[in-house]
Amino acid sequence: SARMPEALDAIESLLARGELRAAEGALLAWLAENAPTAPALHLAGLTALKRGDAEAARAAFEQATDLDPHYSRSLNNLANMALAAGDLERASQLYDRVGACPSASITALLNRAFFLIRMERFADALAAFEAVLGKQPESARASLGKAQALRGLGSASEAAALLAGAVARW
């Protein structure tokens with residue numbers, strides 16, 4: 001319904017303001033009246049993270065992606081958690097799924113692109129940063145990342161020119 005996104009947006013706003021108890025109560029009430037959705041389960045994951053319960057967060061994010069395999073927000077969080085745990089293979093798989101999501105946020109796409117730099121997949125990283133710049137041409141983070149990818153590919157002069165142009169725009 002049209003109310004669902006507004007209600008979930010309000011719950012996310014509560015979380016952003018640090019009102020964990022209010023957010024959890026509102027989410028539980030919403031889930032009692034509605035079938036679970038990927039966005040609702042994602043919020044359950046975020047509340048679990050705020051509580052410090054990484055396992056509950058992981059389970060909620062996985063449930064969200066079970067309902068919607070292209071739910072990039074939960075995929076991104078799962079990838080970040082895998083990376084933090086040192087599971088680079090799992091992080092790589094999840095970030096690649098984020099990259100395939102047409103609705104992925106700029107933040108999620110940047111997380112993936114910087115992970116590709118870390119994995120020394122410079123050509124893939126370059127393509128990922130260029131995709132971000134196609135959506136958000138003034139992104140300083142994407143310009144920096146593109147320069148890092150170019151440097152990794154051996155194009156130091158092109159990287160330097162890109163950085164000089166970015167600095168001039170600031």
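Under a hydrophobic clustering in which Ile, Leu, Val, Met, Phe, Trp and Tyr are joined whenever their side-chain heavy atoms come within less than 4.5 Å, directly or via other members, Leu27 and Leu46 fall into the same cluster. In the hydrophobic cluster analysis, where Ile, Leu, Val, Met, Phe, Trp and Tyr join through side-chain heavy atoms closer than 4.5 angstrom, Leu144 is grouped apart from Leu133. At a threshold of 4.5 Å between side-chain heavy atoms, the hydrophobic network of Ile, Leu, Val, Met, Phe, Trp and Tyr places Phe114 and Ile106 in one connected group. In this structure, Leu67 is not a member of the same hydrophobic cluster as Tyr71, with clusters built from ILVMFWY side-chain heavy atoms closer than 4.5 Å. In the hydrophobic cluster analysis, where Ile, Leu, Val, Met, Phe, Trp and Tyr join through side-chain heavy atoms closer than 4.5 angstrom, Leu116 is grouped apart from Leu110.
With respect to Glu55 and Arg58, a salt bridge is recorded, a charged nitrogen being found less than 4.0 Å from a carboxylate O.
Among residues at least two apart or in separate chains, salt bridge (charged side-chain N to carboxylate O under 4.0 Å, His left out) pairs with a member in residues 146-160 are Glu130-Lys146.
Counting non-hydrogen atoms of neighbouring residues, nucleotides and ligands closer than 6.0 angstrom, the CZ atom of Arg21 reaches no more than 12 such neighbours. For CZ of Arg51, the number of neighbouring non-hydrogen atoms (other residues, nucleotides, ligands) closer than 6.0 Å is greater than 12.
Ring planes of Phe115 and Tyr95: tilted class, angle from 30 to 60°.
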- Evaluate the criterion side chain to side chain contact (heavy atoms under 4.5 Å, CB included) for residue pair Leu150 and Phe129; output intermediate values, then yes/no. CA-CA 10 Å; Leu150 287 167; Phe129 287 117; over 6 Å; no
- Task: For side chain to side chain contact (heavy atoms under 4.5 Å, CB included), just list the numbers for Asp96 and Arg121, CA-CA rounded to whole Å, side-chain angles, deciding distance to a tenth of an Å, and then say yes or no.
- Result: CA-CA 12 Å; Asp96 284 345; Arg121 291 172 51 190; 3.5 Å; yes
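Listed here is the closest heavy atom pair of Ala104 and Leu109: CB-CD2, 3.8 Å.
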